[in-house]
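The structure under discussion appears below in the form of C-alpha coordinates.
Letters A, B, ... are given to chains in the order of the sequence lines, protein chains preceding strands, and every chain is numbered from 1.
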Amino acid sequence: MGLLSSSVSITQYQVEGKLPTPVNNSVLEGLKKNIILDIDNESEELVSGWTSFENPYKPGFELSEVSIGTHLVFSLRIDKKSIPSKILKKHYFMEITRRLSETGREFLSKNEKSEIREHVKTVLSLRIPATPNIYDIIWNYEGGQLWFFSNLKSANEEFETLFSKSFKLTLIRVFPFTMAGMLADLSEPEKERLAKLSPTAFMG
Amino acid sequence: MLDISVSYNRYKFIGHEFLTWLWFTIENQPERVKAIDKNLGSLTLGNRIVIENRRNDEVLEAITIKGDDAGLEEGILSLKKGAVVTEINLIQTIGDKIWSYTLKGESFNISSLKTPVVGQVETGDDIEGAVIEKVYLYDQVIELVQKLFKTFIKKRVSDSWPQTVHHIKKWISS
(Lines give C-alpha, C1' and ligand atoms only; values in the text may rest on other atoms or scores of the structure.)
Protein backbone atom coordinates (compact mmCIF):
# COMPACT_ATOMS: atom_id res chain seq x y z
CA MET A 1 0.00 0.00 0.00
CA GLY A 2 1.63 3.16 -1.14
CA LEU A 3 1.34 6.50 0.55
CA LEU A 4 -0.90 7.79 -2.23
CA SER A 5 -3.32 4.84 -1.96
CA SER A 6 -6.90 5.41 -0.88
CA SER A 7 -6.36 3.30 2.25
CA VAL A 8 -3.01 3.04 4.03
CA SER A 9 -1.33 1.50 7.05
CA ILE A 10 1.29 3.44 8.99
CA THR A 11 3.95 2.33 11.46
CA GLN A 12 5.52 5.29 13.25
CA TYR A 13 9.19 5.69 14.11
CA GLN A 14 11.40 8.32 15.71
CA VAL A 15 14.90 8.68 14.30
CA GLU A 16 17.66 9.59 16.72
CA GLY A 17 21.00 10.99 15.65
CA LYS A 18 22.17 13.22 12.84
CA LEU A 19 23.70 12.50 9.46
CA PRO A 20 26.93 14.14 8.33
CA THR A 21 26.31 17.41 6.47
CA PRO A 22 25.30 18.09 3.79
CA VAL A 23 22.40 15.91 4.87
CA ASN A 24 20.90 15.44 1.42
CA ASN A 25 24.16 13.97 0.12
CA SER A 26 24.36 11.60 3.11
CA VAL A 27 20.81 10.43 2.46
CA LEU A 28 21.46 9.85 -1.25
CA GLU A 29 24.68 8.03 -0.43
CA GLY A 30 22.89 5.78 2.09
CA LEU A 31 20.18 4.97 -0.41
CA LYS A 32 22.58 4.28 -3.27
CA LYS A 33 24.72 2.04 -1.07
CA ASN A 34 21.79 -0.32 -0.56
CA ILE A 35 19.83 0.12 -3.77
CA ILE A 36 17.65 -2.84 -4.81
CA LEU A 37 19.44 -5.27 -7.13
CA ASP A 38 17.72 -7.23 -9.86
CA ILE A 39 17.70 -10.98 -9.17
CA ASP A 40 15.51 -12.10 -12.05
CA ASN A 41 18.43 -13.80 -13.81
CA GLU A 42 20.17 -14.83 -10.61
CA SER A 43 19.73 -17.82 -8.36
CA GLU A 44 18.94 -15.69 -5.26
CA GLU A 45 15.43 -16.12 -3.96
CA LEU A 46 15.10 -12.95 -1.89
CA VAL A 47 16.54 -9.46 -2.05
CA SER A 48 15.67 -6.15 -0.45
CA GLY A 49 16.88 -2.63 -1.05
CA TRP A 50 15.92 0.98 -1.52
CA THR A 51 14.16 2.16 -4.59
CA SER A 52 12.74 5.43 -5.78
CA PHE A 53 9.20 6.37 -4.78
CA GLU A 54 8.28 7.68 -8.23
CA ASN A 55 9.92 4.91 -10.27
CA PRO A 56 10.15 1.82 -8.07
CA TYR A 57 10.92 -0.47 -11.01
CA LYS A 58 13.71 1.75 -12.31
CA PRO A 59 15.69 2.47 -9.18
CA GLY A 60 17.87 5.52 -9.10
CA PHE A 61 18.01 8.51 -6.82
CA GLU A 62 17.91 12.17 -7.73
CA LEU A 63 17.64 14.75 -4.98
CA SER A 64 14.66 16.35 -6.73
CA GLU A 65 12.78 13.05 -6.47
CA VAL A 66 13.79 12.12 -2.92
CA SER A 67 13.27 15.52 -1.30
CA ILE A 68 9.64 16.65 -1.38
CA GLY A 69 8.75 19.74 0.65
CA THR A 70 10.34 19.26 4.06
CA HIS A 71 10.30 15.48 3.75
CA LEU A 72 12.46 12.73 2.30
CA VAL A 73 10.45 10.22 0.30
CA PHE A 74 11.69 6.85 -0.90
CA SER A 75 10.65 3.20 -0.87
CA LEU A 76 11.77 -0.19 0.33
CA ARG A 77 11.46 -2.94 -2.24
CA ILE A 78 11.49 -6.60 -1.29
CA ASP A 79 11.71 -8.98 -4.25
CA LYS A 80 10.94 -12.59 -3.54
CA LYS A 81 10.82 -15.65 -5.76
CA SER A 82 8.20 -18.13 -4.68
CA ILE A 83 8.57 -21.51 -6.30
CA PRO A 84 5.25 -23.35 -6.02
CA SER A 85 5.82 -26.52 -3.98
CA LYS A 86 4.16 -28.72 -6.60
CA ILE A 87 6.52 -27.47 -9.31
CA LEU A 88 9.50 -28.04 -7.03
CA LYS A 89 8.28 -31.56 -6.27
CA LYS A 90 7.76 -32.38 -9.95
CA HIS A 91 11.23 -31.25 -11.01
CA TYR A 92 12.83 -32.93 -7.99
CA PHE A 93 11.31 -36.30 -8.91
CA MET A 94 12.18 -35.82 -12.60
CA GLU A 95 15.80 -35.19 -11.65
CA ILE A 96 15.91 -38.18 -9.30
CA THR A 97 14.48 -40.45 -11.99
CA ARG A 98 17.03 -39.16 -14.50
CA ARG A 99 19.93 -39.67 -12.09
CA LEU A 100 18.82 -43.24 -11.23
CA SER A 101 18.45 -44.19 -14.87
CA GLU A 102 21.84 -42.68 -15.77
CA THR A 103 23.69 -44.48 -12.99
CA GLY A 104 21.71 -47.70 -13.10
CA ARG A 105 21.28 -47.57 -9.34
CA GLU A 106 18.11 -48.28 -7.40
CA PHE A 107 18.57 -45.78 -4.58
CA LEU A 108 20.19 -42.42 -3.94
CA SER A 109 21.72 -41.45 -0.60
CA LYS A 110 20.18 -38.81 1.65
CA ASN A 111 23.00 -36.41 0.76
CA GLU A 112 22.50 -36.92 -2.96
CA LYS A 113 18.78 -36.26 -2.62
CA SER A 114 19.46 -33.10 -0.65
CA GLU A 115 21.96 -31.93 -3.30
CA ILE A 116 19.40 -32.60 -6.03
CA ARG A 117 16.75 -30.60 -4.15
CA GLU A 118 19.12 -27.63 -3.84
CA HIS A 119 20.16 -27.93 -7.50
CA VAL A 120 16.52 -28.00 -8.66
CA LYS A 121 15.73 -24.95 -6.51
CA THR A 122 18.66 -23.04 -8.00
CA VAL A 123 17.71 -23.95 -11.57
CA LEU A 124 14.07 -23.01 -11.02
CA SER A 125 15.06 -19.75 -9.27
CA LEU A 126 16.86 -18.72 -12.45
CA ARG A 127 13.68 -19.24 -14.45
CA ILE A 128 11.13 -17.70 -12.08
CA PRO A 129 10.90 -13.89 -11.86
CA ALA A 130 10.85 -12.31 -8.41
CA THR A 131 7.64 -10.75 -7.12
CA PRO A 132 8.27 -7.17 -5.97
CA ASN A 133 6.63 -5.68 -2.87
CA ILE A 134 7.00 -1.95 -2.36
CA TYR A 135 6.65 -0.06 0.93
CA ASP A 136 6.85 3.73 0.96
CA ILE A 137 8.69 5.80 3.54
CA ILE A 138 8.24 9.43 4.55
CA TRP A 139 10.98 10.89 6.70
CA ASN A 140 10.79 14.31 8.30
CA TYR A 141 14.53 14.59 8.92
CA GLU A 142 14.42 17.78 11.00
CA GLY A 143 11.61 16.54 13.24
CA GLY A 144 13.05 13.02 13.47
CA GLN A 145 9.65 11.60 12.53
CA LEU A 146 9.41 8.72 10.08
CA TRP A 147 6.39 6.83 8.74
CA PHE A 148 6.65 3.41 7.18
CA PHE A 149 3.61 2.55 5.11
CA SER A 150 2.95 -0.99 6.26
CA ASN A 151 2.19 -2.78 9.52
CA LEU A 152 3.54 -6.09 8.20
CA LYS A 153 6.00 -7.45 10.77
CA SER A 154 8.45 -8.95 8.25
CA ALA A 155 8.50 -5.75 6.16
CA ASN A 156 9.06 -3.59 9.26
CA GLU A 157 11.92 -5.81 10.40
CA GLU A 158 13.55 -5.70 6.97
CA PHE A 159 13.14 -1.93 6.92
CA GLU A 160 14.67 -1.49 10.39
CA THR A 161 17.72 -3.59 9.45
CA LEU A 162 18.29 -1.84 6.12
CA PHE A 163 17.76 1.64 7.57
CA SER A 164 20.29 1.12 10.30
CA LYS A 165 22.79 -0.40 7.83
CA SER A 166 22.36 2.49 5.40
CA PHE A 167 22.28 5.51 7.70
CA LYS A 168 23.83 4.35 11.01
CA LEU A 169 21.05 6.12 12.89
CA THR A 170 18.86 4.82 15.72
CA LEU A 171 15.32 3.99 14.71
CA ILE A 172 12.81 3.73 17.55
CA ARG A 173 9.33 2.27 17.05
CA VAL A 174 6.62 4.54 18.43
CA PHE A 175 4.30 2.47 20.63
CA PRO A 176 2.59 3.49 23.89
CA PHE A 177 5.62 3.22 26.17
CA THR A 178 8.05 4.96 23.80
CA MET A 179 5.47 7.61 22.90
CA ALA A 180 5.00 8.30 26.61
CA GLY A 181 8.75 8.59 27.12
CA MET A 182 9.62 10.59 24.01
CA LEU A 183 6.60 12.57 22.87
CA ALA A 184 4.36 13.25 25.88
CA ASP A 185 6.53 15.87 27.64
CA LEU A 186 6.52 13.94 30.91
CA SER A 187 8.58 15.33 33.77
CA GLU A 188 11.21 13.14 35.42
CA PRO A 189 8.91 12.24 38.38
CA GLU A 190 6.17 11.38 35.86
CA LYS A 191 8.60 9.16 33.92
CA GLU A 192 9.48 7.39 37.16
CA ARG A 193 5.81 6.73 37.83
CA LEU A 194 5.38 5.54 34.24
CA ALA A 195 8.11 2.93 34.71
CA LYS A 196 6.34 1.61 37.82
CA LEU A 197 2.85 1.35 36.32
CA SER A 198 0.91 -1.87 36.54
CA PRO A 199 -2.40 -2.73 34.83
CA THR A 200 -5.63 -1.12 36.06
CA ALA A 201 -8.60 -3.34 36.87
CA PHE A 202 -11.57 -1.48 35.42
CA MET A 203 -13.87 -4.14 36.83
CA GLY A 204 -13.69 -6.97 39.26
CA MET B 1 16.61 2.46 29.50
CA LEU B 2 14.72 -0.77 28.97
CA ASP B 3 15.23 -2.87 25.89
CA ILE B 4 12.61 -1.88 23.28
CA SER B 5 11.04 -5.33 22.90
CA VAL B 6 10.93 -5.82 26.68
CA SER B 7 9.20 -2.46 27.18
CA TYR B 8 6.81 -3.22 24.28
CA ASN B 9 5.61 -6.38 26.00
CA ARG B 10 5.76 -5.19 29.59
CA TYR B 11 3.76 -2.02 28.97
CA LYS B 12 1.35 -3.04 26.23
CA PHE B 13 -1.46 -2.70 28.79
CA ILE B 14 -0.96 1.09 28.64
CA GLY B 15 -2.20 1.09 25.03
CA HIS B 16 -5.21 -1.04 25.95
CA GLU B 17 -6.08 1.22 28.88
CA PHE B 18 -5.70 4.24 26.60
CA LEU B 19 -8.23 2.85 24.09
CA THR B 20 -10.63 1.89 26.90
CA TRP B 21 -10.33 5.40 28.34
CA LEU B 22 -10.81 6.83 24.84
CA TRP B 23 -14.04 4.89 24.29
CA PHE B 24 -15.31 6.07 27.69
CA THR B 25 -14.33 9.68 26.94
CA ILE B 26 -15.88 9.69 23.45
CA GLU B 27 -19.13 8.29 24.84
CA ASN B 28 -19.36 10.36 27.99
CA GLN B 29 -17.28 13.50 27.61
CA PRO B 30 -17.11 14.37 23.88
CA GLU B 31 -16.51 18.02 24.79
CA ARG B 32 -13.26 16.98 26.53
CA VAL B 33 -12.05 15.33 23.33
CA LYS B 34 -12.75 18.52 21.39
CA ALA B 35 -10.94 20.56 24.02
CA ILE B 36 -7.83 18.45 23.45
CA ASP B 37 -7.65 19.56 19.81
CA LYS B 38 -9.28 22.87 18.97
CA ASN B 39 -9.35 22.08 15.22
CA LEU B 40 -11.27 18.87 15.74
CA GLY B 41 -14.89 18.81 14.59
CA SER B 42 -15.72 15.43 16.11
CA LEU B 43 -14.28 12.06 17.02
CA THR B 44 -16.62 9.10 17.09
CA LEU B 45 -16.42 5.33 17.16
CA GLY B 46 -16.28 3.77 13.70
CA ASN B 47 -17.41 0.37 12.55
CA ARG B 48 -15.02 -1.90 14.43
CA ILE B 49 -13.85 -2.46 17.97
CA VAL B 50 -11.88 -5.36 19.42
CA ILE B 51 -12.16 -6.14 23.12
CA GLU B 52 -10.03 -8.73 24.86
CA ASN B 53 -10.05 -10.28 28.26
CA ARG B 54 -6.46 -11.14 29.19
CA ARG B 55 -4.81 -12.78 32.14
CA ASN B 56 -1.08 -12.17 32.20
CA ASP B 57 -0.41 -12.28 28.46
CA GLU B 58 -2.93 -14.94 27.60
CA VAL B 59 -6.11 -13.90 25.78
CA LEU B 60 -9.03 -15.58 27.57
CA GLU B 61 -11.77 -14.08 25.42
CA ALA B 62 -11.76 -11.77 22.39
CA ILE B 63 -14.76 -10.07 20.90
CA THR B 64 -14.80 -8.18 17.62
CA ILE B 65 -17.79 -5.97 16.99
CA LYS B 66 -18.06 -4.74 13.42
CA GLY B 67 -20.61 -3.26 11.09
CA ASP B 68 -21.94 0.26 10.64
CA ASP B 69 -24.98 -0.27 12.87
CA ALA B 70 -23.49 -2.78 15.29
CA GLY B 71 -24.64 -2.47 18.89
CA LEU B 72 -21.92 -2.10 21.49
CA GLU B 73 -23.81 -3.80 24.34
CA GLU B 74 -21.70 -6.92 24.01
CA GLY B 75 -18.59 -4.79 24.27
CA ILE B 76 -19.79 -3.23 27.51
CA LEU B 77 -20.63 -6.71 28.78
CA SER B 78 -17.05 -7.77 28.09
CA LEU B 79 -15.70 -4.72 29.90
CA LYS B 80 -17.86 -5.78 32.86
CA LYS B 81 -16.00 -9.08 32.83
CA GLY B 82 -12.69 -7.26 33.04
CA ALA B 83 -11.83 -6.93 29.35
CA VAL B 84 -10.07 -3.97 27.72
CA VAL B 85 -10.17 -2.42 24.26
CA THR B 86 -7.27 -3.60 22.10
CA GLU B 87 -8.24 -2.11 18.72
CA ILE B 88 -10.63 0.67 17.75
CA ASN B 89 -11.89 2.19 14.53
CA LEU B 90 -12.38 5.94 14.69
CA ILE B 91 -14.04 8.60 12.58
CA GLN B 92 -12.43 12.01 12.81
CA THR B 93 -13.86 15.17 11.27
CA ILE B 94 -12.41 18.63 10.78
CA GLY B 95 -14.87 20.99 9.11
CA ASP B 96 -16.51 18.99 6.33
CA LYS B 97 -13.52 16.66 5.94
CA ILE B 98 -13.65 13.07 7.20
CA TRP B 99 -10.92 10.60 8.15
CA SER B 100 -11.42 7.00 9.26
CA TYR B 101 -8.80 4.63 10.67
CA THR B 102 -8.15 1.76 13.00
CA LEU B 103 -5.74 2.18 15.90
CA LYS B 104 -4.13 -0.80 17.59
CA GLY B 105 -3.51 -0.32 21.30
CA GLU B 106 -0.32 -2.26 21.88
CA SER B 107 1.63 -0.98 18.86
CA PHE B 108 -0.16 2.25 17.88
CA ASN B 109 -0.16 0.84 14.37
CA ILE B 110 -2.63 2.69 12.20
CA SER B 111 -4.44 0.71 9.52
CA SER B 112 -7.29 1.22 7.02
CA LEU B 113 -6.55 4.95 7.14
CA LYS B 114 -8.74 6.80 4.68
CA THR B 115 -8.30 10.53 4.31
CA PRO B 116 -10.51 13.11 2.60
CA VAL B 117 -10.24 12.74 -1.16
CA VAL B 118 -7.31 14.53 -2.79
CA GLY B 119 -6.83 15.57 -6.41
CA GLN B 120 -6.02 12.82 -8.94
CA VAL B 121 -2.40 12.31 -9.90
CA GLU B 122 -2.45 12.50 -13.67
CA THR B 123 1.10 13.45 -14.55
CA GLY B 124 4.49 13.19 -12.88
CA ASP B 125 4.26 16.88 -12.02
CA ASP B 126 1.21 16.20 -9.82
CA ILE B 127 3.08 13.80 -7.55
CA GLU B 128 4.88 16.36 -5.41
CA GLY B 129 1.67 18.26 -4.63
CA ALA B 130 -0.20 15.02 -3.91
CA VAL B 131 2.51 13.82 -1.51
CA ILE B 132 2.55 17.14 0.36
CA GLU B 133 -1.24 17.10 0.64
CA LYS B 134 -1.36 13.48 1.81
CA VAL B 135 1.37 14.05 4.40
CA TYR B 136 -0.63 16.97 5.77
CA LEU B 137 -3.77 14.81 5.97
CA TYR B 138 -1.98 11.88 7.68
CA ASP B 139 -0.45 14.33 10.10
CA GLN B 140 -3.92 15.39 11.30
CA VAL B 141 -4.50 11.82 12.50
CA ILE B 142 -1.04 11.27 13.99
CA GLU B 143 -1.19 14.59 15.82
CA LEU B 144 -4.63 13.92 17.26
CA VAL B 145 -3.61 10.45 18.49
CA GLN B 146 -0.52 11.97 20.11
CA LYS B 147 -2.53 14.74 21.79
CA LEU B 148 -5.12 12.26 23.07
CA PHE B 149 -2.44 9.91 24.35
CA LYS B 150 -0.55 12.76 25.99
CA THR B 151 -3.71 13.78 27.87
CA PHE B 152 -4.30 10.17 28.89
CA ILE B 153 -0.77 9.37 30.02
CA LYS B 154 -0.48 12.61 32.05
CA LYS B 155 -3.66 11.55 33.84
CA ARG B 156 -2.53 7.92 34.10
CA VAL B 157 0.64 8.83 36.02
CA SER B 158 -1.15 11.42 38.18
CA ASP B 159 -2.90 11.08 41.54
CA SER B 160 -6.27 11.69 39.86
CA TRP B 161 -6.20 8.37 37.92
CA PRO B 162 -8.21 6.44 40.58
CA GLN B 163 -10.97 9.03 40.21
CA THR B 164 -11.05 8.50 36.43
CA VAL B 165 -11.12 4.74 36.97
CA HIS B 166 -14.10 5.27 39.29
CA HIS B 167 -15.98 7.14 36.50
CA ILE B 168 -15.11 4.44 33.97
CA LYS B 169 -16.33 1.72 36.35
CA LYS B 170 -19.59 3.60 36.84
CA TRP B 171 -20.07 3.85 33.06
CA ILE B 172 -19.35 0.15 32.58
CA SER B 173 -21.79 -0.82 35.34
CA SER B 174 -24.59 1.50 34.24
Side-chain angles (χ1 to χ4, degrees), chain A residues 1-12 53-55 64-65 67-71 73 136 138 140 143 145 147-153 156 160 170-181 183-187 189-204, chain B residues 1-2 4 7-8 10-18 20 24 54 79-84 101-102 104-115 117-118 121 124 127-128 130-132 134-135 138-139 141-142 145-146 149-154 156-158 161-162 165 168-169 172-173:
Chain A
M1 283 194 300
L3 75 93
L4 294 180
S5 304
S6 58
S7 173
V8 301
S9 297
I10 299 179
T11 304
Q12 303 174 64
F53 165 70
E54 286 189 39
N55 295 300
S64 56
E65 286 182 4
S67 176
I68 296 184
T70 54
H71 293 79
V73 186
D136 295 335
I138 288 266
N140 175 352
Q145 194 181 35
W147 300 336
F148 182 70
F149 284 78
S150 172
N151 297 151
L152 204 63
K153 194 173 176 233
N156 274 271
E160 288 163 19
T170 308
L171 199 57
I172 302 170
R173 278 279 290 272
V174 176
F175 52 85
F177 186 74
T178 52
M179 188 185 274
L183 306 168
D185 301 327
L186 295 185
S187 64
E190 285 174 327
K191 282 184 185 171
E192 279 169 29
R193 291 186 81 161
L194 171 73
K196 289 180 190 152
L197 287 183
S198 56
T200 302
F202 289 110
M203 288 311 283
Chain B
M1 178 96 182
L2 275 176
I4 290 289
S7 58
Y8 181 96
R10 186 183 296 178
Y11 296 101
K12 60 170 77 160
F13 69 87
I14 295 177
H16 301 153
E17 289 182 11
F18 166 60
T20 309
F24 160 77
R54 291 167 175 244
L79 295 185
K80 272 186 189 154
K81 289 197 250 170
V84 284
Y101 51 95
T102 298
K104 196 165 179 170
E106 68 176 56
S107 59
F108 278 173
N109 277 348
I110 294 169
S111 58
S112 308
L113 168 55
K114 294 189 177 87
T115 66
V117 178
V118 297
V121 175
I127 290 181
E128 186 169 339
V131 168
I132 291 170
K134 274 287 197 181
V135 168
Y138 297 144
D139 211 29
V141 169
I142 305 266
V145 170
Q146 278 187 15
F149 182 72
K150 193 173 160 181
T151 305
F152 161 80
I153 200 72
K154 284 263 180 197
R156 181 65 178 83
V157 295
S158 76
W161 178 243
V165 173
I168 296 176
K169 280 183 174 177
I172 294 171
S173 309

In terms of heavy-atom proximity below 4.5 Å to chain A, should B/Phe13 be classed as side chain, backbone, both, or neither? side chain
Could you tell me the separation between the OG atom of A/Ser9 and the CG atom of B/Leu113, rounded to the nearest 0.5 Å? 8.5 Å
Is it true that, when you exclude B/Lys134 itself, more than 12 heavy atoms of the residues, nucleotides or ligands shown sit nearer than 6.0 Å to its NZ? yes
Region of B/Leu79 that comes under 4.5 Å of a non-hydrogen atom in chain A: backbone
Relative to chain B, which of A/Ala180, A/Gly69, A/Gly181, A/Ser187 shows the most heavy atom pairs under 4.5 Å? A/Ala180
Contact origin within B/Thr20 toward chain A - heavy atom pairs under 4.5 Å: side chain
Please classify the contact of A/Gln145 with chain B as side chain, backbone, both or neither, using a heavy-atom distance under 4.5 Å. side chain
Residue among B/Glu128, B/Lys81, B/His16 with most heavy-atom pairs under 4.5 Å to chain A: B/Glu128
Using heavy-atom distances under 4.5 Å, tell me whether B/Tyr138 contacts chain A through its side chain, its backbone, both, or neither. both
Please check if the side chain of B/Tyr8 supplies one atom and the backbone of A/Phe177 the other of a donor-acceptor pair under 3.5 Å. no
Distance-minimising heavy-atom pair for B/Gly105 and A/Pro176: O-CG, 3.1 Å
On a heavy-atom basis, the closest approach of A/Arg173 and B/Ser107 is NH2-CB, 4.3 Å
Options A/Leu186, A/Thr11, A/Leu197, A/Ile138, ranked by heavy-atom pairs under 4.5 Å with chain B, top entry: A/Leu197
How long is the straight-line distance from CD1 of B/Ile127 back to CG of A/Leu4, given to the nearest 0.5 Å? 7.0 Å
Rounded to the nearest 0.5 Å, what separates atom NZ in B/Lys169 from atom CE in A/Met203? 7.0 Å
All heavy atoms of B/Phe108 vs all of A/Phe175, minimum pair found to be CD1-C, 4.1 Å
Of the listed A/Asp185, A/Val73, A/Asn140, the one with the largest count of heavy-atom pairs under 4.5 Å with chain B is A/Asp185
Side chain, backbone, both or neither of B/Phe18 within contact of chain A (heavy atoms, under 4.5 Å): neither
Does any backbone or side-chain atom of B/Lys114 lie under 4.5 Å from a heavy atom of chain A? Answer side chain, backbone, both or neither. both
Among A/Lys196, A/His71, A/Glu65, A/Arg193, which residue forms the greatest number of heavy-atom pairs with chain B at distances under 4.5 Å? A/Arg193
Interchain contact, A/Ser198 with chain B, by part (heavy-atom threshold 4.5 Å): backbone
Out of curiosity, B/Ile142 CD1 to A/Ile10 CD1, how far, rounded to the nearest 0.5 Å? 4.5 Å
Among B/Val135, B/Val84, B/Ile14, B/Val118, which has the most heavy-atom pairs under 4.5 Å with chain A? B/Val135
For B/Glu17 against A/Phe202, the heavy-atom pair lying closest together: CG-CE1, 3.9 Å
To the nearest 0.5 Å, atom CD1 of B/Ile110 lies from atom CD of A/Gln12 at 5.0 Å
Smallest separation among heavy atoms of B/Ser111 and A/Asn151, with atom names: CB-OD1, 3.5 Å
Taking all heavy atoms of A/Leu183 and all of B/Gln146, pick out the closest pair and write down the distance. CD1-NE2, 3.5 Å
Heavy-atom contact with chain A under 4.5 Å, split by part of B/Val141: neither
Hey, are the side chains of A/Glu190 and B/Ile153 touching, using non-hydrogen atoms and a 4.5 Å cut-off? no
